[in-house]
Q: 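Okay, handing you the structure first.
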Amino acid sequence: MLLRHTRKEIGERKAVSINPAKTCQPIGAMYAALGIHGCLPHSHGSQGCCAYHRSALTRHYKEPISAATSSFTEGASVFGGQANLLQGINNIFSVYEPDVIAVHTTCLSETIGDDLPQIRKKAQTEGKIPEGKYVIGASTPSYVGSHVTGFSNMVKSMIEFSEKTGRKNGKINIIPGWVEPCDMEEIKRMAKLTGVETIMFPDTSGVLNAPMTGEYKMFPDGGTTIAELKSTGDSTGTLALGEWCSADAARVLDKKCKVPCRVLDMPFGLKATDRFVDAMRTIAGVSVSDELAVERGQLVDMITDMHQYFYKKKVAIAGDPDQVIAMVEFLVSIDMCPVHVVTGTPGKKFEKRIKEITKDKGFEVNVKARGDLFLLHQWIQNEPVDLLICNTYGKYIARDEDIPFLRWGFPILDRQGHQYFPTVGYKGGLRLLEKILGLLLDRKDRDDPEESFELVL
Amino acid sequence: MVTATKKKMVQWDPADVKAELIKKYPPKVARKRAKQIMINEALENETPEITANVRTTPGIITMRGCTYAGCKGVIMGPTRDIVNLVHGPIGCSFYAWLTRRNQTDAGPDGDNFINYCFSTDMQEQDIIFGGEKKLAAAVQEIYDLMHPKSIAIFATCPVGLIGDDIHTVAKNMKDKLGDCNVYAFSCEGYKGVSQSAGHHIANNQVFRHIVGENDTPTEGEFKINLLGEYNIGGDGFEIDRIFKKCGITNIATFSGNSTYDQFATAHQADLNAVMCHRSINYVADMLETKFGIPWIKVNFIGANATAKSLRKIAAYFEDQALIDRVEAVIKEEMPEVETAVADIRSRTEGKTAMLFVGGSRAHHYQELFKEVGMKIISAGYEFAHRDDYEGRQVLPNLKVDADSRNIEEIEVEADATRFKPRKTPVQLVALEDAGVKFKHYDGLAPDMEEGTLIIDDLNQYEAEKLVEIMKPDIFCAGIKEKFSIMKLGVPMKQLHSYDSGGPYAGFQGAINFYHEIDRLTSSKVWTYLKAPWQESPELTAAYVWE
């Protein structure tokens, strides 16, 4: 047993978090910043934070993750990190020549009270930011929120670029939230099929699933350009996908440039995708293409064909709130029973939404925001499930309890494909279903006695 | 890789390469980096000085991590029956959760906490009002849940800043719990200039709070401790297999696959064998001063290095049966190694490698590459000190700067009752004369050829330039470097985590590594980078459909 010290009896824990279902803000800020073209994320703190975030993102995306750090030592921690950041900005623009430096803070710089806007102003006055280059910043102390809120904060800071010229660009802003680069690509494809011109930010497609060519580009071709970010203020409207990841930025943009916004769930599964497509259609005043309708029909087809294998199967799920909410809705919509639901990211709305989605569906749901995988495991020990959906860390529970395991979310450290095959939209729904089915049917094939082992399923 | 081999034939003047590496830097950065890039002269005692263990330049994308990473991640991470509780916001604990591939098995006692991640998950109010109460409560909760024999507490950056007294909390909880040893590490990430400071802080506390705590006699002959071996990918298992076969008793490995009791009884060993000099040489010194155990430098990376290290250990014990046994084991193990080398060498001979890892690995792994006939054209460490490059003879000349002064040095004296010299001065001199050098490490530089580049604290920019200019057949570093190097079309091997491979230590490990190098340097996958139409883009004629 890998988690041999986990016991069924659930005692109250107020102080210790065991096997977290979240990590800290700066890594989210770093990921978001990589979605701007020509942007070098910069971690204002001790170099270990930056090293850890780069390592974790590299392990998940299997791509180079460039990011710089202020490399605080004890001196900077006592006297403040201004000198380090100023020197850092100067060195970065001299050596790496990015278009933008996206600075995020850490526990260290936040606790000593470094004032990012003031340091940036000083860098500007001292001529350390070359003409036509930018430094943006987000406050991301690790003792607040989680990696998800860090992502949201950096996306929010991108609104700084938005300008309202008064000339409408006829585009819709889409804030996709923390999804895979391929998911961002898929969302753009769906928008294109719907006949909607979009500005997506951040957009890590092309950046974190860049091709292998024998050439290393520190700033790959993908990412939202500064011109696009500026233009977001002239867009028709904004669709923010995910309350946790995207809503803040959309609301700030609305306030700043009067670009109306709608906050939707992330388009995982049938219903959330329906709402997304419908919202695009109504905002842009277009009809949905037949091609998308066909894709939708194919997803519904697979659901109906295979319904017997999903029906009433119990699922435990852990992940980030925006993803988990949509996934739980998807599971419920195909008559599966997500009985244990955990996110590590705080937020009151999470438990409420999950309870709403699962209400009157014939099963009780254990749900916790600010939960951890230790608790999820205990719940599973008390009420076993047929499927576990979690990031890679779930594999320890899956093995100990012998549960079919779908890797989904962040981080996935031990499998490939998540960066290339989308799970958003109807196509993504098909892929999710295919994976879930594969797991359940592999289990059935493994467990069926010889006499009832069947060729046709 | 025919094309790469051809390109590599271009002879680069190392001085030109060095100039190219620092050309783009602002003058101040260039001056500093120039001192950290050494053109090796490979002449004993005349090696030029390299600057090491100095601050990383802000904004320069470094390979380094922090003190916490060195303390919790490297040193204490591999211990299986000690609960490692990180006091701080969630991230630090999360990133050090199972990411170093420290293998272990739950022993007969059934304790194994390696797969767990414990954190106080500090929130804003804990930063404002202090986190000591939450920390004490967390220790209590862990104790109630799991009853470990020991709980280690690690400080993260904000804990040091707000002044939580983790040591007092640890002491109070130790007194309160009674049968659980609780102690703390002031390993805030901002201390020192690299992971190295964290190793030091971890080792000091292990020495202070655990080593020597258990006087129950340990069984076995030829007792040693293996210091600086972290059981990545099962290295420690392979080394233990060989020890067992030779009849050598390994009391404690610091800290691969280690247990609390192994540390607690380590003072009973008669010899300390040091693998990673950087991370732990001072523990060897302290064990010698306090308990009278001499130490030697060993290296179990590479089959020849393994044989040499085993012979050194056997020579130390001056026991003919052991010497014979070791020779017999080497004789038994080597044929398989030689067969593997003979097969692979025809493909690897003359190929080139670059190694930039850790604070000893970039030296140790050279043995393996040399065994298959490869050349190391550049190497360096992430967090070494000058003695790791130039040898321990420079130790008295090392300047202690402000960053190093912040890292505690503990004063050790001979233990009043348990200090026992293992060898008489006469025996020691005789052994030295016979080639068993004590407290000795020559460092990386003498083992590298003249004109090779030794680079301290390499960064992403220089790594890319080095690879572009010198086109090695393989580049070894860590996960952060992996994919930018691969994008350049050069095979990349992680030598921290081994890319899920290993073990690479010992005889079986050497064979594993040769196969891995063969796979990486002979693979066709690197020839697919350009599509046919990109190789010859000029269209001279068009086919016409008739």
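Each chain gets a letter, A, B and so on, in the order the sequences are listed, and its residues count up from 1. Side chains included, hydrogens not; waters and symmetry mates left out as well; all remaining heavy atoms used.
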Q: Indicate whether the side chain of B:H87 and that of B:T120 have a donor and an acceptor atom separated by less than 3.5 Å.
A: yes
Q: Please state whether the side chain, the backbone, both or neither of A:H42 comes within less than 4.5 Å of a heavy atom of chain B.
A: side chain
Q: For chain A, find which of B:A138, B:C117, B:P148 contributes the most heavy-atom pairs closer than 4.5 angstrom.
A: B:C117
Q: Under 4.5 Å from any heavy atom of chain B, what part of A:A67 do you find: side chain, backbone, both or neither?
A: backbone
Q: By a 4.5 Å heavy-atom criterion (distance strictly below it), what part of A:L373 contacts chain B: side chain, backbone, both, or neither?
A: side chain
Q: Quick one: of A:L40, A:V95, A:I92, A:D372, who has the most non-hydrogen atom pairs under 4.5 Å with chain B?
A: A:V95
Q: Find out whether B:W97 and A:N19 are in side-chain contact, i.e. whether some heavy atom of one side chain is under 4.5 Å from a heavy atom of the other.
A: yes
Q: Measuring heavy-atom distances to chain A, does B:I61 have an atom under 4.5 Å in its side chain, in its backbone, in both, or in neither?
A: both
Q: Under a 4.5 Å heavy-atom cut-off, does chain B meet the side chain of A:M218, its backbone, both or neither?
A: side chain
Q: At a 4.5 Å cut-off on heavy atoms, which part of A:Y52 comes close to chain B: side chain, backbone, both, or neither?
A: both
Q: Side chain, backbone, both or neither: which part of A:Q87 has a heavy atom under 4.5 Å from chain B?
A: both
Q: If I measure from the heavy atoms of chain B, does A:I89 come under 4.5 Å with its side chain, its backbone, both, or neither?
A: neither
Q: Determine the minimum heavy-atom distance between A:K128 and A:L86, stating which atoms define it.
A: CD-O, 3.3 Å
Q: Measuring heavy-atom distances to chain A, does B:L98 have an atom under 4.5 Å in its side chain, in its backbone, in both, or in neither?
A: side chain
Q: Below 4.5 Å from any heavy atom of chain B, which atoms of A:S66 appear? Answer side chain, backbone, both or neither.
A: both
Q: State whether a side-chain donor-acceptor pair under 3.5 Å links A:E401 with A:Y396.
A: no
Q: Between B:R80 and B:D111, does at least one N-O distance fall below 4.0 Å, as a salt bridge requires?
A: no
Q: So what's closer than 4.5 Å to chain B heavy atoms on A:K217: side chain, backbone, both or neither?
A: neither
Q: Does the plane of the ring in A:Y61 sit parallel, tilted or perpendicular to the ring in A:Y31? Use 30° and 60° as the thresholds.
A: parallel
Q: Give, as side chain, backbone, both or neither, the part of B:I479 having an atom under 4.5 angstrom from any heavy atom of chain A.
A: both
Q: Assess the side chains of A:T23 and A:H147: does a donor N or O sit below 3.5 Å from an acceptor N or O?
A: no
Q: Side chains of B:F118 and B:S93: does their closest heavy-atom pair fall under 4.5 Å?
A: no
Q: Salt bridge or not for B:D121 and B:K134, using N-O below 4.0 Å?
A: no
Q: Is chain A contacted by the side chain of B:K530, its backbone, both, or neither, given a heavy-atom distance below 4.5 Å?
A: side chain
Q: Side chains of A:N209 and A:Q419: any donor to acceptor distance under 3.5 Å?
A: no
Q: Please flag which part of B:R64 lies under 4.5 Å from any non-hydrogen atom of chain A: side chain, backbone, both or neither.
A: both
Q: Given a strict heavy-atom distance threshold of 4.5 Å, which part of B:E464 is in contact with chain A: side chain, backbone, both, or neither?
A: side chain
Q: Heavy-atom cut-off 4.5 Å, strictly under: side chain, backbone, both or neither for B:L135 against chain A?
A: neither
Q: Where does B:N115 contact chain A at under 4.5 Å (heavy atoms): side chain, backbone, both or neither?
A: both
Q: Indicate whether any N or O donor in one side chain lies under 3.5 Å from an N or O acceptor in the other, for A:Q47 and B:Y190.
A: no
Q: Quick check, are the ring centers of A:F410 and A:F151 under 6.0 angstrom apart?
A: no
Q: Which region of B:M486, side chain (C-beta onward) or backbone (N, CA, C, O), has a non-hydrogen atom less than 4.5 Å from a non-hydrogen atom of chain A, or is it both or neither?
A: both
Q: Determine the option with the most heavy-atom pairs under 4.5 angstrom with chain B, choosing from A:E9, A:Q25, A:R59.
A: A:R59
Q: What part of B:T67 gets closer than 4.5 Å to chain A, counting heavy atoms only: side chain, backbone, both or neither?
A: neither
Q: Report yes or no: do A:T392 and A:D414 form a side-chain donor-acceptor pair below 3.5 Å?
A: yes
Q: Do A:H53 and A:S43 pair up side chain to side chain, a donor and an acceptor below 3.5 Å, judged on atom types alone?
A: no
Q: Given the options A:I65, A:T6, A:N90, A:T106, which has more heavy-atom pairs under 4.5 Å with chain B than any of the others?
A: A:T6
Q: Identify which part of B:V193 has an atom lying under 4.5 Å from any heavy atom of chain A, answering side chain, backbone, both or neither.
A: both
Q: With a 4.5 angstrom heavy-atom cut-off, which part of B:E124 approaches chain A: side chain, backbone, both or neither?
A: both
Q: Check whether A:F93 gets within reach of chain B through its side chain, its backbone, both or neither, counting any heavy atom under 4.5 Å.
A: neither
Q: Go through the atoms of A:P411 and report whether side chain, backbone, both or neither lie under 4.5 Å from a heavy atom of chain B.
A: side chain
Q: Using a strict threshold of under 4.0 Å (side-chain N to carboxylate O), is an ion pair present between B:K133 and B:D126?
A: no
